[in-house]
Amino acid sequence: MRHGKYRFLAGAILPGLLLYAVFVLSPYAQAFYLSLTDWTGVSGQVTFVGLENYQRLLDDRSFLAALRNNGLMLLVVPLATIALGLLLAALVNFGGRRGSTMLAGIRGAEFYKIAYFFPQLLSLPIVAMLWQFVYHPNEGLLNGFLRAVGLDALARAWLGEPGLALWAVMAVLVWSSVGFYMVLFSAAMESIPRDVLEAAVLDGAGRLATLRRVIVPLLWDNVQVAFVYLGVLALDGFAIVQIMTVGPGGPDNATEVIGLGLYRSAFTYGKFGYAAAMGVALFFLTLAFAAIALRASRRERVELS
């Protein structure tokens with residue numbers, strides 16, 4: 001500091017900014033540039049084509065199907081995961097017998113937290129392989145269970161029917177994510193002062209009313225962040241779809257997602273410029289979603305003195 005405050009700050013900040021520019025901003029800039037070219041990924045010749053790749057996206061049936069599927073996932077996965085996470089966290093923390101003036105946690109709460117969190121210890125490829133076996137039409141656990149209890153008529157080719165395949169994939173995404181957010185919400189609930197919950201119980205609020213009108217408002221910042229992260233997950237979905245589905249991306253583009261189309265265009269068809277255009281479109285979709293979600297879910301902060 002003896003050489004000047006600003007020289008010290010520059011020396012501390014500039015190396016980090018330089019690394020960020022080289023390893024983060026530079027790849028983004030290259031992707032933006034490549035999206036305006038016809039680069040094949042192997043040729044040394046690159047022709048500038050302007051917005052032609054983006055115009056092709058609007059006429060690409062696979063891309064439009066992927067956009068529709070990602071949009072449905074964006075609606076279902078975050079809402080279902082957050083709702084289940086809040087419900088499970090509330091049951092673990094306040095699902096026991098009522099005390100005289102407060103809600104008590106259930107017995108064995110720590111065991112349930114570990115059990116629900118377990119899918120987070122598995123990588124997405126492992127999760128996809130496990131559920132691919134669960135959904136197997138002949139040897140799968142799901143159809144085997146249905147047949148064992150006499151519900152043969154409900155057995156399906158879960159990943160082979162266009163109307164069911166995407167819902168089966170979304171169920172796996174919810175299953176693999178809900179444990180983490182249950183633990184996150186549970187930790188936040190434990191920080192709520194007990195006298196607040198006691199006051200709600202004394203006022204005659206039931207468990208559901210306490211959760212909706214007291215607990216959720218106090219956890220709103222956590223819910224907001226969870227919604228953004230889960231939305232980003234829903235806009236991706238590449239690993240699950242690539243491993244689990246027929247094609248992958250089938251049947252009949254029923255499980256096609258933007259990330260899968262990007263991968264296929266680049267590494268199967270050698271259209272790196274077109275794939276870069278998909279990546280840029282996905283980047284702006286994700287950025288727009290995060291901005292809109294944070295803006296729309298913003299509300300007055302509830303604080304406890």
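Side chains are part of it too, since the values below use all heavy atoms of this structure and drop only hydrogens, waters and symmetry mates.
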Reported [atom1]-to-[atom2] distance for the pair [X] and [Y], which is rounded to 0.5 angstrom:
X    : Y    : atom1 : atom2 : result
W131 : L159 : CH2   : CG    : 10.5 Å
M170 : L166 : CE    : CG    : 4.0 Å
N70  : L75  : CG    : CG    : 11.0 Å
L282 : I258 : CG    : CD1   : 5.0 Å
S176 : I240 : OG    : CD1   : 5.5 Å
L74  : F289 : CG    : CZ    : 5.0 Å

Pairwise side-chain contact, [X] with [Y], heavy-atom cut-off 4.5 Å (strictly under):
X    : Y    : result
V172 : V169 : no
F185 : V223 : yes
N53  : L36  : no
P248 : L260 : yes
Q45  : W39  : no
W158 : N143 : yes

Inset, instruction - Decide if atom CZ of F32 counts as having more than 12 heavy atoms of other residues, nucleotides or ligands within a radius under 6.0 Å. - result: yes
Inset, instruction - Give a yes or no on whether W167 atom CH2 has more than 12 heavy-atom contacts from other residues, nucleotides or ligands under 6.0 Å away. - result: no
Legend entry - Polar side-chain atom of Y135 near backbone of G140 as donor-acceptor pair, under 3.5 Å: no
Legend entry - Flag, side chain of S35 to backbone of G273, donor-acceptor distance under 3.5 Å: no
Inset, instruction - Establish, yes or no, whether a centroid distance under 6.0 Å links the rings of Y116 and F180. - result: no
Inset, instruction - Compute the centroid of each ring, for F267 and then for F272, and state whether the two points are separated by less than 6.0 Å. - result: yes
Inset, instruction - Just grab all the side-chain hydrogen bond (donor to acceptor under 3.5 Å, both in side chains) pairs involving residues 262-280, residues at least two apart or on different chains. - result: D60-Y274, E256-R264
Legend entry - Pair listing, salt bridge (charged side-chain N to carboxylate O under 4.0 Å, His left out) test, anchored in residues 175-192, at least two apart: K113-E190
Inset, instruction - Write out all pairs satisfying ring-ring contact (aromatic ring centres under 6.0 Å, His included) with one or both partners inside residues 40-88, taking only residues at least two apart or from two chains. - result: none
